[in-house]
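Report on the following structure.
From a predicted model like this one, the values you see are computed outputs, not experimental measurements. Counting starts at 1 for both ligands and their atoms, in listed order.
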Amino acid sequence: MARTIPVLEIFGPTIQGEGMVIGQKTMFVRTAGCDYRCRWCDSAFTWDGSAKEEIEQLTAEDIWRRLEVLGGRRFRHVTISGGNPLLIAALGELVSLLHEKGVRVAVETQGSRWQDWLLDVDDVTISPKPPSSGMDTDWAALDQLIGRLQADRSRARRVSLKVVVFDDADLAYAKEVHRRYPGVPFYLQTGNQDVADADVDALRAKLLAQLDWLVGQAAESEELADVYVLPQLHTLLWGNKRGV
Ligand SMILES: C[S@@+](CC[C@H](N)C(=O)[O-])C[C@H]1O[C@@H](n2cnc3c(N)ncnc32)[C@H](O)[C@@H]1O
Ligand SMILES: Nc1nc2[nH]cc(C(=O)O)c2c(=O)[nH]1
Ligand code: SF4
Ligand SMILES: [Mg+2]
């Protein structure tokens with residue numbers, strides 16, 4: 001019997017709005033459930049119970065059918081996000097099926113949990129959480145996850161670290177992460193303070209001011225000599241809208 005995966009959203013085609021494959025045309029599969037409770041989570045409906053009626057238990061085949069209905073033959077890339085997809089062992093079946101269909105796979109995770117299927121993912125974005133999130137980093141778990149990815153040479157994959165930065169304490173945390181994993185491409189991402197704001201123009205102005213500040217901080221820092229600084233492109237385009 002095929003195992004099921006708790007799914008909250010399947011959407012696309014759209015573009016990846018964040019991090020190392022920003023701009024990549026992709027579909028999204030968003031799983032339910034997270035082991036974190038970030039204060040500013042823009043996808044809190046995946047774990048706060050507010051969308052629990054919308055969770056569907058789907059097999060990998062079910063998910064593929066939904067992706068085909070939405071995306072036809074107009075995509076070659078699927079991003080799995082959440083919540084934390086690394087809570088779900090059965091996602092290994094989806095990763096295999098997508099590869100059989102000739103589709104590349106990306107995953108977004110905070111790096112707190114491991115599943116063996118992560119080794120099969122093409123684009124791995126690890127986003128440890130800074131102090132403003134209210135979460136504590138399990139450094140041993142993060143060391144292990146990054147170590148296992150780096151030790152495995154069985155396939156080509158892209159791995160990056162992405163830290164959301166709201167303030168000076170977050171910036172100090174970001175530097176600590178970059179120092180600890182110097183070989184991993186490092187991305188700073190603007191934080192969206194107003195995840196419920198429906199006024200897209202006002203939100204854009206705030207996000208651009210935050211981006212301007214973050215670029216300035218990176219520009220002045222020796223420790224951040226080799227980093228990427230990015231906004232959430234989808235938030236600049238479409239605000240806090242779900243499913244884009
Ligand atoms: C919703 S999370 C889901 C995946 C995983 N739980 C994680 O945090 O990496 C996807 C990405 O959105 C980022 N994110 C969440 N809320 C945000 C906010 N208010 N501003 C900027 N980025 C945010 C997270 O840091 C993460 O990189
Ligand atoms: N377009 C778009 N890009 C994204 N990158 C990461 C997202 C996420 O919520 O994980 C996301 C999302 O929700 N939409
Ligand atoms: S780890 Fe990701 S999904 Fe979980 S609460 Fe934090 S930002 Fe939200
Ligand atoms: Mg998002």
Side-chain angles (χ1 to χ4, degrees), residues 6-12 14-22 26-51 79-88 91 105-115 118 121 123-138 141-142 145-146 159-167 170-171 173-174 177 185-197 203-204 206-211 213-214 228-244:
V7 175
L8 257 173
E9 293 185 313
I10 299 176
F11 62 90
T14 182
I15 52 164
Q16 168 56 269
E18 306 178 13
M20 74 178 161
V21 293
I22 193 167
T26 190
M27 304 292 289
F28 275 87
V29 175
R30 191 182 302 285
T31 58
C34 194
D35 46 322
Y36 278 18
R37 301 280 180 269
C38 298
R39 263 184 213 127
W40 37 251
C41 179
D42 64 8
S43 305
F45 60 90
T46 60
W47 51 263
D48 68 5
S50 61
T79 305
I80 304 171
S81 186
N84 187 2
L86 272 291
L87 296 176
I88 304 166
L91 275 174
V105 182
V107 161
E108 301 267 337
T109 182
Q110 63 267 42
S112 56
R113 300 291 177 91
W114 175 262
Q115 299 283 345
L118 192 60
V121 171
D123 301 323
V124 181
T125 296
I126 309 157
S127 181
K129 295 295 175 271
S132 63
S133 70
M135 298 295 112
D136 290 322
T137 301
D138 179 345
L142 191 57
L145 184 147
I146 291 176
V159 178
S160 69
L161 281 157
K162 178 177 75 180
V163 176
V164 174
V165 175
F166 284 83
D167 55 28
D170 289 356
L171 199 63
Y173 173 88
V177 173
F186 192 73
Y187 290 75
L188 296 166
Q189 174 163 305
T190 50
N192 172 12
Q193 331 232 14
D194 303 289
V195 294
D197 197 337
L203 183 60
R204 275 189 197 118
K206 285 184 272 191
L207 293 171
L208 289 174
Q210 184 74 10
L211 177 61
W213 172 77
L214 192 52
Y228 299 81
V229 185
L230 285 173
Q232 287 178 297
L233 189 52
H234 54 106
T235 312
L236 280 177
L237 283 169
W238 303 302
N240 289 314
K241 198 166 150 197
R242 245 179 84 171
V244 289

With no hydrogens and no angle check, just 3.5 Å: does a side-chain donor-acceptor pair link Q232 and D42? yes
Number of protein N, O or S atoms [distance to atom 6 (Fe) of ligand 3 under 2.8 Å]: 1
Quick one: do the Y173 and T137 side chains pair a donor with an acceptor below 3.5 Å? yes
Indicate yes or no for a side-chain donor-acceptor contact from R30 to the backbone of G82 under 3.5 Å, with no hydrogens or angles considered. yes
Residues in salt bridge (Lys or Arg N to Asp or Glu O under 4.0 Å) with D138, at least two apart? none
Should Y36 and S133 count as side-chain neighbours, where that means a heavy-atom distance under 4.5 Å? no
Applying the side chain to side chain contact (heavy atoms under 4.5 Å, CB included) test to F28, which of Q16, E9, H234 qualifies? Q16
Give me the nearest non-hydrogen protein atom to atom 3 (S) of ligand 3 as residue plus atom name, then the distance to 0.1 Å. G83 N, 3.5 Å
Decide yes or no for W47 and C41: does some side-chain heavy atom of the first lie under 4.5 Å from some side-chain heavy atom of the second? yes
With distance as the sole test, does R37 use its side chain to make a donor-acceptor pair with the main-chain N or O of C34 at under 3.5 Å? yes
Ring pair (Phe, Tyr, Trp, His ring centres under 6.0 Å) with F166: which residues, sequence neighbours excluded? W40
Using a 4.0 angstrom limit on heavy atoms, which residues are close to ligand 1? E18, W40, C41, D42, S43, S81, G82, G83, E108, T109, Q110, S127, K129, K162, V164, Q189, T190, G191, N192, V195, Q232
Looking just at side-chain N and O atoms, do N192 and N240 make a donor-acceptor pair shorter than 3.5 Å? yes
